[in-house]
Amino acid sequence: MFRRTRALRTSAAALLLALTAACGSQAQAESSSGLSSVTLHVGATGWKNEEAILKFAHLDNTPYKVKWSLFQGGDQQLQAIRAGALDVASSSEIPPLFAAASGRPGFKVVAVQRAATLNQEVVVPKGSEVTDIAGLKGEKVGYVQNTTAHYFLYELLKRAGLKWSDIDAKPLLPNDGLAALNGGGIDAFASYGTSVITAHQRSAVTVGSGKDILSGNFLWSARDSVLKSPARRAATADLIARITQAYAYVRDGHQDGFAEVTAEATHQPLAQARKDLLDAQAQRPTKARTVDDAAVASQQKVADAFTELGTLKNHLDVSAFWTTALNADLRKAL
């Protein structure tokens with residue numbers, strides 16, 4: 001498992017180098033000729049659902065180029081932003097905290113995407129004696145570090161009267177966590193998205209959920225150089241708005257078609273993919289909104305929890321890496 005983790009980190013480093021070179025070349029070539037000169041390097045987590053939904057809704061004909069790169073978590077996307085390998089990253093509220101806390105972030109949060117908080121769970125293997133969060137005391141629990149899984153696991157433990165130190169916490173990437181759960185290396189796994197879907201396909205059982213703990217705010221972060229270019233700002237705002245419009249298209253009677261796309265991409269039964277899609281959009285329709293004080297306050301609450309946990313060593317003022325610089329462009333695009 002550890003050899004696999006090293007391999008993943010090596011491949012991630014190689015991807016960063018390649019993307020950094022590409023972004024650098026674009027920055028040199030970009031002129032004031034408008035959106036046609038822009039290429040946005042955009043991150044995605046789990047599977048490229050944003051790219052897929054734009055294509056499905058016939059909204060992928062952008063006047064600028066978009067190059068999507070897949071990562072296992074938002075934390076890796078923010079690392080890529082800081083390395084100059086991505087222009088735009090999508091993540092939960094958590095990854096920007098750690099990217100900013102480790103030094104000059106080199107990015108700003110520019111928009112919020114409201115979305116469902118389903119498939120954010122703590123799961124155990126079928127037949128486990130653990131039936132609830134309290135039962136995790138003394139157990140080996142995997143979690144995806146510096147992500148929503150880290151946060152909701154901490155909050156679930158608190159609500160069950162447990163401390164973080166009451167479990168044997170194991171930071172793992174989603175794929176490694178699944179392998180460890182299936183192989184008996186850990187007793188439970190806190191994760192999200194496709195990794196939770198896959199775990200259930202392998203008969204895992206839910207013992208805790210972050211559905212009502214997480215805010216539903218998912219953040220769009222842009223590299224500082226993007227914000228200095230009117231054309232790249234406009235392209236970023238347009239892309240975010242198109243994703244909102246694509247989800248509206250799906251909700252407007254096209255759920256079955258996009259469920260087919262999702263089922264194929266995530267290797268799950270069509271009926272399950274359709275149910276997950278309907279449930280997600282019923283809980284919280286996916287749509288973008290501009291930066292406001294409420295969104296900043298929501299992330300500050302999360303930052304304070306990580307400070308309490310000791311993962312963030314010092315108080316972090318999150319407003320320092322938020323900006324309203326995209327608000328006007330985004331309002332226009334929406």
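We number each residue from 1, following the sequence as shown. Since the structure is predicted, the reported quantities are computational estimates derived from the model, not experimental observations.
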Counting distance only, does the side-chain N/O of Ser128 pair as donor-acceptor with the main-chain N or O of Pro125 below 3.5 Å?
no
Asn61 side, atom CG; Lys55 side, atom NZ - distance, nearest 0.5 Å:
13.0 Å
Close side-chain approach of Tyr64 and Ser36, heavy atoms under 4.5 Å
no
Closest heavy-atom contact between Asp252 and His254?
O-ND1, 3.1 Å
Is the shortest distance from a Lys or Arg side-chain nitrogen in Arg331 or Asp329 to a carboxylate oxygen in the other one below 4.0 Å?
no
Distance-minimising heavy-atom pair for Ala303 and Val318:
CB-CG1, 3.8 Å
Hydrophobic cluster identity match, Val196 and Val124, side-chain contacts under 4.5 Å
no
Check whether any side-chain heavy atom of Tyr154 sits under 4.5 Å from a side-chain heavy atom of Trp164, and report yes or no.
yes
For Asn49 and Thr262, what are the C-alpha separation, side-chain angles and deciding distance, and is it a side chain to side chain contact (heavy atoms under 4.5 Å, CB included)?
CA-CA 8 Å; Asn49 57 300; Thr262 303; over 6 Å; no
Determine whether the side chains of Gln79 and Asp75 contain a donor N or O and an acceptor N or O closer than 3.5 Å.
no
Do side-chain atoms of Asp238 reach the backbone of Ala234 as a donor and acceptor pair under 3.5 angstrom?
no
Parallel, tilted or perpendicular: which describes the rings of Phe306 and Tyr151, with under 30° parallel and over 60° perpendicular?
tilted
Sub-3.5 Å donor-acceptor pair from the side chain of Gln77 to the main-chain atoms of Ser90, do we have one?
yes
Out of curiosity, Phe71 CZ to Leu78 CG, how far, rounded to the nearest 0.5 Å?
10.0 Å
Between Thr266 (side chain only) and Thr194 (backbone N and O only), is there a donor and an acceptor less than 3.5 Å apart?
no
Is there side-chain contact between Leu156 and Ile213, with at least one heavy-atom pair below 4.5 Å?
yes
Side-chain contact test, heavy atoms from C-beta onward, threshold under 4.5 Å: evaluate it for His41 versus Ser69 and give yes or no.
no
Evaluate Gln145 against Thr311 for side chain to side chain contact (heavy atoms under 4.5 Å, CB included), listing each step before the verdict.
CA-CA 10 Å; Gln145 192 173 35; Thr311 310; 5.6 Å; no
Partners of Glu139 by salt bridge (charged side-chain N to carboxylate O under 4.0 Å, His left out), sequence neighbours excluded?
none
Got Gln281 and Val250 here, is their nearest side-chain heavy-atom distance under 4.5 Å?
no
Under 4.5 Å between side-chain heavy atoms, counting indirect links through other Ile/Leu/Val/Met/Phe/Trp/Tyr residues: same cluster for Ile243 and Leu40 or not?
yes
Could you report the tightest heavy-atom contact between Gly74 and Thr45, atom names first, then the distance?
N-OG1, 3.6 Å
Atom pair OG1 (Thr39) and CG (Asp87), whose distance is rounded to the nearest 0.5 Å
8.5 Å
Measure from the side-chain N and O atoms of His150 to the backbone N and O of Asn146, and report whether any donor-acceptor pair falls under 3.5 Å.
yes
Arg274: which residues meet the side-chain hydrogen bond (donor to acceptor under 3.5 Å, both in side chains) condition with it, sequence neighbours left out?
Asp256
Could you check whether any side-chain heavy atom of Leu153 comes within less than 4.5 Å of a side-chain heavy atom of Ile167, counting everything from C-beta outward?
yes
Test ring-ring contact (aromatic ring centres under 6.0 Å, His included) applied to Phe258 - qualifying residues, sequence neighbours left out
Phe56
Mind checking whether Leu97 and Phe218 sit in one hydrophobic cluster, side chains of I, L, V, M, F, W, Y counted as touching below 4.5 Å?
no
For the side chain of Tyr247 and the backbone of Arg242, is there at least one donor-acceptor N/O pair under 3.5 Å apart?
no
Looking only at non-hydrogen atoms, find the nearest pair between Thr323 and Val291 and report the distance.
O-CG2, 3.3 Å
Would you sort out whether Val42 and Leu239 count as a side chain to side chain contact (heavy atoms under 4.5 Å, CB included), showing the intermediate values?
CA-CA 10 Å; Val42 185; Leu239 181 66; 3.8 Å; yes
Side chain to side chain contact (heavy atoms under 4.5 Å, CB included) evaluation trace for Arg159 with Ile133
CA-CA 9 Å; Arg159 294 182 183 190; Ile133 295 297; over 6 Å; no
Report the residues that fulfil side-chain contact (heavy atoms from CB on, under 4.5 Å) with His267, sequence neighbours left out, ordered by chain and then residue number.
none
Inspect the contact between Asp187 and Lys140 and indicate whether a charged nitrogen and a carboxylate oxygen are less than 4.0 angstrom apart.
no
Mind listing the side-chain donor-acceptor pairs of residues 105-123 below 3.5 Å, one per line with the distance, residues two or more places apart or on another chain?
unit_1 : atom_1 : unit_2 : atom_2 : d
Gln113 : OE1    : Trp220 : NE1    : 3.4
Arg114 : NH1    : Ser215 : O      : 2.8
Arg114 : NH1    : Asn217 : OD1    : 2.7
Thr117 : OG1    : Lys211 : O      : 2.6
Thr117 : OG1    : Gln283 : NE2    : 2.9
Gln120 : OE1    : Thr148 : OG1    : 2.7
Glu121 : OE1    : His200 : NE2    : 2.7
Glu121 : OE1    : Thr206 : OG1    : 2.5

Please name the pair of heavy atoms, one in Leu178 and one in Ala199, separated by the smallest distance, quoted to 0.1 Å.
CD2-CB, 3.7 Å
With a 4.0 Å cut-off, would you call Glu308 and Lys158 a salt bridge?
yes
Should the heavy atoms of other residues, nucleotides or ligands under 6.0 Å from CG of Asp293 be counted, would the total exceed 12?
no
Hydrophobic clustering (ILVMFWY, side-chain heavy atoms < 4.5 Å, transitive) - are Val226 and Ile240 grouped together?
no
From Lys332 NZ over to Leu334 CG, what is the distance, rounded to the nearest 0.5 angstrom?
12.5 Å
Over all atoms of both residues, closest heavy-atom pair of Leu172 and Ala180:
CD1-CB, 4.1 Å
For a quick check under 3.5 Å, do Glu50 and Trp68 share a side-chain donor-acceptor pair by atom type?
no
Determine yes or no for a side-chain-to-main-chain donor-acceptor pair under 3.5 angstrom, with Ser229 supplying the side chain and Arg232 the backbone.
yes
Any side-chain heavy-atom pair from Leu312 and Phe98 closer than 4.5 angstrom?
yes
Leu59 versus Gln245: any side-chain heavy-atom pair under 4.5 Å?
yes
For Gln201, side-chain contact (heavy atoms from CB on, under 4.5 Å) partners two or more places apart:
Ile197, Thr198, Gln268, Pro269
Treating Glu264 as the side-chain partner and Glu260 as the backbone partner, does any N or O pair qualify as donor plus acceptor under 3.5 Å?
no
Please report the interatomic distance CZ(Phe152) to CG(Leu157), rounded to the nearest 0.5 Å.
10.5 Å
Find the distance between CD (Glu93) and OG1 (Thr147) and round it off to the nearest 0.5 Å.
12.5 Å
